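Being a predicted model, the structure only gives us computed values, none of them experimental. Chain letters run A, B, ... following the sequence lines, proteins first and then strands; every chain starts at 1.
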Amino acid sequence: METTPSSLPPYMTGLNPVQLEAVEATDGPVLVLAGAGTGKTRVLTTRLAHILMQGKTSTHNMLAVTFTNKAAREMRERLEKMLGQAVEGMWLGTFHNLCVRIVRRNPEVVGLTSNFTILDSDDQIRLVKQVLELHNIDPKRWPAKMILSVIQRYKDKAQTPADLSADDVGDFANGKLLAIYEDYQQRLRTLNSCDFGDLILHALTIFKKQPEVLAQYQEKFQYILVDEYQDTNVAQYLWLRLLAQSHRNICCVGDDDQSIYSWRGAEVGNILRFEEDFPGAKTVRLEQNYRSTSNILGAASGLISHNSSRLGKTLWTDQEAPYDQKVQVRGLWDGQEEARFVGEEMESLQRKGFNLKEMAVLVRAGFQTREFEERLLKIGVPYKVIGGARFYERMEIRDAMAYLRMVAQPHDGMAFERIVNTPKRSFGNASLQILHNISREQGISMFDAAWQAVQSDVLGNKARNSLHNLLNDFARWQQIAQTTPHSELAQIVLDESGYTAMWQNDKSPESPGRLENLKELINAMEEFENLAGFLEHVSLVMDLAENETDDMVSLMTLHAAKGLEFDVVFLPGWEEGVFPNQRSMDESGNAALEEERRLAYVGITRAKKRLFISYAANRRIYNQWQSSVPSRFVDELPSDFTEVQAETGVYGSGPQFQNKFQKKNYDKGHAQVPRNRQSPKQSQSRFGGTMSKKFKSTGASSGAYSAPKKTITIQKKKDGIVVGNRVSHEKFGFGVVRSIDGNKVHVIFEGAGIKKVLKSFIKPA
DNA sequence: AGGTTAGTAATTTTT
DNA sequence: TTACTAACCT
């Protein structure tokens with residue numbers, strides 16, 4: 001690290017000249033292009049401290065925006081440490097967090113009242129489903145999830161229904177998308193709720209409709225700092241641009257090479273366009289990397305250079321690393337071998353003194369962790385899976401939260417629907433529809449509709465009685481809430497509602513865990529002043545701080561790994577179709593490929609000392625064997641920085657593999673099916689079950705992607721389901737197998753005709 | 001109202 | 001393979 005003159009204040013010592021430049025350029029628009037591992041967070045915090053220490057302004061006139069609560073927390077902590085005192089009055093938080101503040105101050109402008117609620121994704125989907133039903137949209141053709149994501153993309157682009165025309169929305173949902181979007185927004189208003197996207201949008205609407213409010217914020221925020229700028233969407237960009245207009249002291253920090261959230265509306269264009277958006281902007285490039293070895297950096301730089309739309313940075317290091325081993329690239333036979341390889345390397349590195357908590361396996365998709373979990377479990381290496389189902393997304397937590405939301409806000413319609421028949425109260429869908437009708441016709445909340453229903457005879461006796469009981473319960477709990485601490489209240493509500501009992505009586509293996517989680521929820525509540533504060537926290541901060549003391553290996557997706565670093569990183573599953581992900585590329589073509597490549601870049605740059613990249617020649621996907629081609633990203637790693645080894649019989653894809661391995665003989669007696677090797681989808685080989693190791697062999701490939709390849713197909717007799725054989729089906733009776741397509745079988749039944757049935761439902765006869 | 005069965009689909013997800 | 005859901009049955 002560079003030495004800086006000792007005349008600098010202590011908080012600035014140890015910065016390199018470029019970092020110093022980024023810190024000292026306090027005024028005017030500044031773009032800091034911060035490569036991976038270049039000390040970004042340090043620069044960011046020092047910059048905030050510097051502005052304050054120079055007396056340019058006070059905390060009250062600063063705005064610092066991050067994407068995650070974790071990043072916000074970290075920034076605050078580091079700043080406080082640097083300043084030696086608590087940071088108060090600064091608007092430091094996530095976009096959503098800060099927007100809630102803005103909207104809560106002027107909610108009437110967007111048709112809400114100040115106690116509006118924020119829907120979680122579960123509620124959003126249910127709401128969209130209701131709207132789709134209303135419009136008679138076939139939920140198979142247009143799944144609620146898909147419609148919701150389209151609406152969200154509009155919100156990301158700051159487009160309200162009023163901004164869209166029929167032409168814009170095309171024939172989505174039979175051309176009714178615009179009406180659906182409108183209805184969805186209407187329903188949200190009726191519920192006095194909004195979704196995450198709305199938070200930014202509503203803030204923008206407030207700025208637009210109340211110029212004096214905007215002016216006040218513009219005046220207030222003399223210095224603005226934005227982290228992860230490459231991840232901002234259009235709405236967030238507009239929000240920032242408005243706020244920065246008067247003082248123009250905006251510093252955006254980001255890395256275009258690490259933009260991996262375009263599928264969620266992030267616009268790399270924002271960072272690429274910064275200099276046009278803010279004329280006279282200064283750009284600082286942080287390129288000196290303090291994290292990784294030169295081989296790792298070389299591999300990363302070589303790979304990312306295949307992308308075209310980038311601002312261009314080259315990471316370098318002056319580290320003389322004793323660990324400077326080349327990036328290890330391994331071709332393995334199948335997924336199990338890959339997992340075994342990773343496990344063995346972990347054990348061997350641990351013996352060499354590496355800590356398990358400094359090792360990570362980063363995968364493209366969540367399900368890929370499974371194979372590694374199994375292996376690590378087997379060899380007794382402790383691990384944790386990061387991400388996955390988060391605490392506040394668990395069913396039991398959502399249910400419990402819905403009860404609490406009802407106590408705090410009885411008119412919370414989504415919460416009402418969630419718990420009205422959980423636990424079972426003989427209040428099914430038919431009864432719920434009746435309440436819906438009352439609610440809609442009279443324009444009242446579900447809660448009010450429920451009260452009306454119990455005082456009339458629109459419901460069946462059973463349903464009416466149990467609903468009445470529930471309503472009385474809520475009345476009582478609201479009374480209790482006046483006098484009782486909220487965590488105690490939560491316990492009472494869960495017990496008296498029968499919710500706790502429901503899980504106690506449940507015999508499934510998960511139920512003890514669920515009860516544990518409910519206890520944990522009540523514990524977590526104690527840290528908050530009141531119920532409302534807790535509920536808001538949960539809707540905005542979905543994570544729960546985790547302990548980092550245990551020495552465990554981490555397994556997570558590449559997305560989840562952004563911003564983290566480990567001594568040792570394993571990047572398995574580098575196969576065409578898996579990574580780069582086929583689906584992603586089908587949807588967005590070359591743009592997707594570049595984003596996948598950035599994801600690979602993010603993965604590589606997480607590694608400090610050792611990096612292992614691997615691919616398997618065969619994989620079992622949904623119980624079907626499928627052979628695969630090494631990822632093109634493997635080829636794109638410059639050979640100077642890698643050491644490639646492929647297991648015998650496993651072929652690489654690059655020139656370094658040509659003729660390197662001898663084609664193995666196929667086992668005699670097994671059918672050989674030549675086929676083209678184009679996309680992994682087409683190059684499936686099916687083995688009906690597990691395959692013995694002596695059959696190990698794939699066909700040879702002499703070129704990269706085009707050469708034909710042979711694979712063995714073993715006709716498995718184990719299940720007796722073979723073309724021409726007679727089989728029986730519980731419902732359709734006897735028949736003869738006509739063809740087999742994976743786990744689906746075409747059968748000509750004697751009574752029922754030709755049916756496509758699942759293999760598991762038929763037996764040999 | 002609630003449980004069973006068959007069909008279908010299967011990235012990434014900071015808030 | 002599993003997970004989810006819509007239709008079907010009791």
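- A heavy atom closer than 4.0 Å to some atom of DNA chain B occurs in A/Thr557, A/His559, these being the qualifying members of residues 557-566 of chain A.
- Applying the ring-ring contact (aromatic ring centres under 6.0 Å, His included) test to A/Tyr229 and every residue at least two apart in sequence or in another chain returns A/Phe274.
- Atom pair A/Phe579:CZ and B/dT11:P shows a separation of 16 Å (rounding to whole Å applied).
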>> One pair to check against side-chain contact (heavy atoms from CB on, under 4.5 Å): A/Met414 and A/Thr117. What are the steps and the verdict?
In response: CA-CA 10 Å; A/Met414 299 311 290; A/Thr117 54; over 6 Å; no
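- Summary of the strand contacts: A/Asn429 and A/Arg264 both lie near DNA chain B, and taking for each the nucleotide with the nearest heavy atom, the more 5' one is attributed to A/Asn429.
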Could you go through nucleotides 5-7 of chain C and list every protein N or O atom that sits under 3.5 Å from one of its N or O atoms, giving the distance for each pair?
none

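- Side chain of A/Ser511 to backbone of A/Asp506: a donor-acceptor contact under 3.5 angstrom is found.
- Across all strands shown, A/Asp231 has heavy atoms under 4.0 Å from base atoms, whether or not it also approaches the sugar-phosphate.
- The distance from atom OH of A/Tyr601 to atom P of B/dT12 is 24 Å, rounded to the nearest whole Å.
- Applying the 4.0 Å criterion to OP1 and OP2 of B/dT15, one finds that A/Asn69 has a side-chain N or O inside that range.
- For A/Glu575 (side chain) and A/Ala616 (main-chain N/O), a donor-acceptor pair under 3.5 Å exists by modelled atom type.
- Residue A/Ala463 is classed as having no contact, given no heavy-atom separation below 4.0 Å to the nucleic acid.
- Using a 4.0 Å cutoff on non-hydrogen atoms, no part of residues 115-122 of chain A comes near DNA chain B.
- Of the residues in residues 91-105 of chain A, those with a non-hydrogen atom less than 4.0 angstrom from any atom of DNA chain B are A/Thr94, A/His96.
- Distances were taken from every side-chain heavy atom of A/Arg364 (C-beta onward) to each of B/dT11, B/dT15, B/dT13; the shortest belongs to B/dT11.
- Distances shorter than 4.0 Å separate some side-chain N or O of A/Asn421 from OP1 or OP2 on B/dG2.
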>> Using the rule given for ring-ring contact (aromatic ring centres under 6.0 Å, His included), can you reason through A/Trp263 versus A/His559, listing the C-alpha separation, both sets of side-chain angles and the distance that settles it, and then say yes or no?
In response: CA-CA 12 Å; A/Trp263 50 274; A/His559 283 94; 5.5 Å; yes
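- In this structure, A/Lys462 reaches neither bases nor backbone, as no heavy-atom distance under 4.0 Å exists between it and the strands shown.
- A straight line from CZ of A/Phe367 to P of B/dT12 spans 8 Å, rounded to a whole angstrom.
- Here A/Phe67 does not lie in a stacked arrangement on the base of B/dT15, lacking the combination of planes under 30° and ring centres under 5.5 Å apart.
- Within the 3.5 Å criterion, the main-chain N or O of A/Ala36 finds no donor-acceptor partner in the side chain of A/Thr605.
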>> Determine whether A/Val226 and A/Gln236 satisfy the following criterion, side-chain contact (heavy atoms from CB on, under 4.5 Å), listing intermediate values before the conclusion.
In response: CA-CA 11 Å; A/Val226 190; A/Gln236 290 157 340; over 6 Å; no
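- Test A/Glu595, A/Gln230, A/Glu267, A/Glu594 against A/Ser262 for side-chain hydrogen bond (donor to acceptor under 3.5 Å, both in side chains) and you get one pass: A/Glu595.
- One interatomic measurement links the two molecules: CD of A/Glu74 to P of B/dT14, which rounds to 17 Å at whole-angstrom precision.
- A/Gly387 comes within 4.0 angstrom of nothing in the nucleic acid, heavy atoms only.
- At least one donor-acceptor pair under 3.5 Å links the side chain of A/Ser631 to the backbone N or O of A/Phe579.
- Rounded to whole Å, the P atom of C/dT2 lies 22 Å from the corresponding atom of B/dT13.
- Results of the ring pair (Phe, Tyr, Trp, His ring centres under 6.0 Å) test with A/Phe95 over A/Phe196, A/Tyr237, A/Trp239 single out A/Trp239 as the only residue that passes.
- One N or O on the side chain of A/Arg598 and one on the backbone of A/Ser259 form a donor-acceptor pair closer than 3.5 Å.
- Among the protein residues, A/Glu596 comes within range of no part of the nucleic acid, since none of its heavy atoms lies under 4.0 Å from any strand.
- Residue A/Ile386 contributes atom CD1, which lies 13 Å from atom P of B/dT14 at whole-angstrom precision.
- At the phosphate of B/dA10, OP1 or OP2 sits under 4.0 Å from a side-chain N or O atom of A/Arg583.
- In this structure, CG of A/Leu148 is placed 17 Å from P of B/dT15, rounded to the nearest angstrom.
- In this structure, the side chain of A/Arg425 engages the main chain of A/Val420 through a donor-acceptor pair within 3.5 Å.
- Put simply, CG on A/Asn581 is 14 Å from C1' on B/dT13, counting in whole angstrom units.
- A/Asp586 places its CG atom 15 Å from the C1' atom of B/dT12, with the value rounded to the nearest Å.
- Of the candidates B/dT12, B/dG2, B/dT13, B/dT12 carries the atom nearest the A/Ala365 side chain, counting heavy atoms from C-beta on.
- Remark: side-chain polar atoms of A/Arg606 are paired, donor with acceptor, to backbone N or O of A/Val602 under 3.5 angstrom.
- A donor-acceptor pair under 3.5 Å links the side-chain atoms of A/Ser539 to the main chain of A/Leu535, judged by distance alone.
- Applying the side-chain hydrogen bond (donor to acceptor under 3.5 Å, both in side chains) definition to pairs two or more places apart or across chains, those involving residues 144-158 of chain A are A/Gln124-A/Gln152, A/Arg153-A/Asp156, A/Lys155-A/Gln185, A/Lys155-A/Asp195, A/Lys155-A/Asp198, A/Asp156-A/Asn233.
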